[in-house]
K.L.:
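Pasting a structure here, questions to come.
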Amino acid sequence: MSLPLPLRLLSLFLLAFVGGVLYLHFGKDEEWSSSLLIGLVAAPVVVALWKFRDWSTDRAAEAGRNWRKTREERKRASGA
């Protein structure tokens, strides 16, 4: 079962937010208020970078498929 895109983004945001807040509070000895504020600012950035990485990886895979396809066509055209 696949989740719709808004629900997936929300779950990624919540995961990044909760993980960041807990790491800052318990790992770096920040106060709860500063941990929550930093987590609120950092979570959208993390989700945006995550989605950008997925997008760029998909584009690179598509470019590789296109390159291999045209290489095979060039080989057939040259008679090799």
K.L.:
Decide whether Leu24 and Leu49 are clustered together by the hydrophobic rule: side chain heavy atoms of Ile, Leu, Val, Met, Phe, Trp, Tyr closer than 4.5 Å, transitively.
P.N.:
no
K.L.:
How long is the span from the CG atom in Leu12 to the CG atom in Leu7, to the nearest 0.5 Å?
P.N.:
10.0 Å
K.L.:
If you draw a 6.0 Å radius around CZ in Arg59, do more than 12 non-hydrogen atoms from other residues or ligands fall strictly inside?
P.N.:
no
K.L.:
To the nearest 0.5 Å, what is the distance between CG (Leu14) and CG (Leu9)?
P.N.:
11.0 Å
K.L.:
For the residue pair Phe26 and Trp32, categorise the inter-ring angle as parallel (less than 30°), tilted (30 to 60°) or perpendicular (more than 60°).
P.N.:
perpendicular
K.L.:
Indicate the atoms forming the closest heavy-atom contact of Val46 with Ala16, along with that distance.
P.N.:
CG1-CB, 3.9 Å
K.L.:
In chain order, what residues pass the side-chain hydrogen bond (donor to acceptor under 3.5 Å, both in side chains) check against Trp55, with sequence neighbours excluded?
P.N.:
none
K.L.:
Which pair of non-hydrogen atoms, one from Phe17 and one from Leu36, has the smallest distance, and what is that distance?
P.N.:
CE1-O, 3.6 Å
K.L.:
Which distance, rounded to the nearest 0.5 Å, do you find between the CD of Glu30 and the CG of Leu37?
P.N.:
10.5 Å
K.L.:
To the nearest 0.5 Å, how far apart are CZ in Phe52 and OG1 in Thr57?
P.N.:
9.0 Å
K.L.:
Strictly distance-based, threshold 3.5 Å: is any side-chain N or O of Thr70 a donor or acceptor partner for the main-chain N or O of Asn66?
P.N.:
yes
K.L.:
Enter the distance from Lys51:NZ to Leu5:CG here, rounded to the nearest 0.5 Å.
P.N.:
6.0 Å
K.L.:
Could you tell me whether Glu73 atom CD has more than 12 heavy atoms of other residues or ligands within 6.0 Å of it?
P.N.:
yes
K.L.:
Between His25 (side chain only) and Ser35 (backbone N and O only), is there a donor and an acceptor less than 3.5 Å apart?
P.N.:
no
K.L.:
Assigning hydrophobic clusters by single linkage (Ile, Leu, Val, Met, Phe, Trp, Tyr; side-chain heavy-atom cutoff under 4.5 Å), is Val21 placed with Phe13?
P.N.:
yes
K.L.:
Would you kindly confirm whether Val18 and Leu40 end up in one hydrophobic cluster when ILVMFWY residues are joined by side chain heavy atoms under 4.5 Å apart?
P.N.:
yes
